[in-house]
Amino acid sequence: MEFKREDDLFVSGHTACAGCGAAIIIRTVMRALGKDTIIVNATSCSEIFSSCYPTSAWKVPYIHVTFENAAAVATGIAKALEAKGNDHTTVVVIAGDGATYDIGFGIMSGVMERNENVLYICYDNEAYMNTGIQRSGATPYKAWTTTSQVGTVRQGKQEWKKNLTEIARAHNIPYIATSTAGHLIDLTKKVEKAKKIKGFRLINVLSPCVAGWKYPPNLTVKLAQLAVDTGLWKMYEVENGKETINMQPKFTPVEEYFKPQKRFKHLTKEDIEDIQNKVNDYWKNGKGEIYG
Amino acid sequence: MIIPHAKPGTASKNKTGSWRDQEPDINKNKCIKCGMCATHCPEGAIEITKDGAEVNYDYCKGCGICAEVCPVKAITMRKIKK
Ligand SMILES: Cc1ncc(C[n+]2csc(CCOP(=O)(O)OP(=O)(O)O)c2C)c(N)n1
Ligand code: SF4
Ligand code: SF4
Ligand SMILES: [Mg+2]
């Protein structure tokens with residue numbers, strides 16, 4: 001595993017929080033993609049921490065776009081490359097869950113339906129982190145955010161997490177996968193595979209966030225792994241409609257995943273039991289609920 | 001018209017290492033050069049050389065992930081006095 005820092009296409013000196021999962025994901029993705037890549041980055045933490053004027057952490061062509069239109073801008077670039085006879089450059093969207101699950105979803109759905117030649121990487125840190133931790137469609141059930149407060153009437157988000165991966169799957173795109181910031185060999189393999197496929201590809205990557213999930217920064221990788229081990233985050237890929245589960249859960253109690261995160265500190269014994277039952281039900285009977 | 005722009009890779013001017021309040025201490029005798037720390041470091045601050053893992057303290061923010069993922073516990077975090 002020898003490599004040189006000077007070869008990195010996403011360089012040191014970005015301004016993400018210490019221990020940021022998104023920074024781990026982006027560097028891993030760039031190591032797998034290589035130089036022949038154009039990045040379209042939706043407004044988010046990743047955009048702010050990587051392109052703080054007058055500096056840039058990117059060594060490949062890069063465009064910052066709004067929340068709504070990352071998939072559309074990427075489509076335009078892919079079409080222009082096609083018109084120029086370029087069949088080698090990979091056009092890649094990097095966007096957060098707010099941009100993907102919610103605000104950019106309408107356009108992304110159209111782009112998926114037309115099967116445009118775009119690789120879309122969502123790093124899912126389960127809230128609008130850059131503007132101060134507001135709930136998104138990706139925020140899990142019962143999690144505290146600044147817009148899903150813990151009070152006497154309600155405690156945390158009342159809705160279950162939106163299942164973006166399955167919604168994307170219903171668009172019949174050629175490649176869909178999930179991964180996390182704690183499974184970097186898996187993530188690398190998926191990016192390398194997706195790079196070779198033509199058409200719309202989505203990789204949805206769980207991205208622990210120190211500031212928003214409220215845990216000590218050394219636990220980023222461990223939490224991502226616990227999300228999979230507990231069965232809350234499903235590690236799978238769907239290639240031309242064929243599903244493969246890449247990693248079976250170990251059924252570690254969900255409580256171990258919740259405990260280090262202060263966004264879940266108000267959870268009662270009954271809450272944890274309820275979520276555990278839903279997860280068990282999902283993996284045993286194909287009913288119940290998981291996160292992704 | 002001059003359009004202001006940031007040149008590629010210029011973020012390396014930001015010496016984010018000044019943020020940290022603890023830092024990794026790597027025991028080169030224990031290091032097996034597996035690269036786990038280097039692949040997981042959010043800063044890309046670690047390089048595997050022929051002598052083992054090497055931290056660039058200009059960028060290390062002291063998150064402690066490298067110590068957590070090292071399979072042979074060759075990394076310990078030491079507090080730094082400011
Ligand atoms: C239409 C619009 N609404 C609000 C904002 C303000 N804004 C900028 S980044 C951001 C949060 C982004 O959340 P997400 O996509 O999950 O990325 P994260 O910051 O969590 O990495 C918000 C709300 C905006 N730029 N555009
Ligand atoms: S707020 Fe979260 S996602 Fe944003 S830079 Fe900090 S750790 Fe990363
Ligand atoms: S403490 Fe964090 S930033 Fe510093 S070298 Fe280790 S993983 Fe990288
Ligand atoms: Mg987010």
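Below, each value reflects all heavy atoms present in this structure, side chains not excepted, and no hydrogens, waters or symmetry copies.
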Can you tell me if A:K250 has over 12 outside heavy atoms packed within less than 6.0 Å of its NZ? no
Straight-line distance of B:T49 OG1 to A:R5 CZ, nearest 0.5 Å: 12.5 Å
How long is the gap from CD on B:E47 to CG on A:D8, to the nearest 0.5 Å? 9.5 Å
Below 4.5 Å from any heavy atom of chain A, which atoms of B:T16 appear? Answer side chain, backbone, both or neither. side chain
Whatever's closer than 4.5 Å to a heavy atom in chain B on A:K222 counts as side chain
Select one option (side chain, backbone, both, neither) describing which atoms of B:C41 are under 4.5 Å from chain A's heavy atoms. backbone
Between A:S12 and B:G44, which heavy-atom pair has the shortest distance, and what is it? OG-O, 3.2 Å
Please round to the nearest 0.5 Å and tell me the distance separating atom OG of A:S56 and atom NE2 of B:H5. 10.0 Å
Strictly less than 4.5 Å between heavy atoms, which residues of residues 52-60 of chain B line up against chain A? Please order them by number. B:N56, B:Y59
Pick whichever of A:A16, A:C20, A:C52 has the most heavy-atom pairs under 4.5 Å with chain B. A:A16
Looking at every non-hydrogen atom in both residues, tell me the closest pair between A:A18 and B:C63 and how far apart they are. C-CB, 3.9 Å
Begin with the C-alpha distance, continue with both residues' side-chain angles, and end with the deciding distance and a verdict on side chain to side chain contact (heavy atoms under 4.5 Å, CB included) for A:L219 and B:E68. CA-CA 8 Å; A:L219 295 186; B:E68 197 70 32; 4.3 Å; yes
Of the backbone (N, CA, C, O) and the side chain (C-beta and beyond), which part of B:K15 lies under 4.5 Å from a heavy atom of chain A, both, or neither? neither
Here the gap from B:T10 atom OG1 to A:Y53 atom OH, rounded to the nearest 0.5 Å, amounts to 10.0 Å
Heavy-atom distance under 4.5 Å to chain B: side chain of A:T15, backbone, both or neither? both
So, the part of B:E43 with a heavy atom under 4.5 Å from chain A: the answer is both
For residues B:P42 and A:R27, report the shortest heavy-atom separation together with the two atoms involved. O-NH1, 2.8 Å
Are A:T55 and B:N14 side-chain neighbours, meaning at least one heavy-atom pair lies under 4.5 Å? yes
What residue in B:P8, B:G64, B:G9, B:A67 has the most heavy-atom pairs under 4.5 Å with chain A? B:G9
Let me see the working for A:I24 and B:T39 under side chain to side chain contact (heavy atoms under 4.5 Å, CB included), right down to the final yes or no. CA-CA 8 Å; A:I24 301 176; B:T39 32; over 6 Å; no
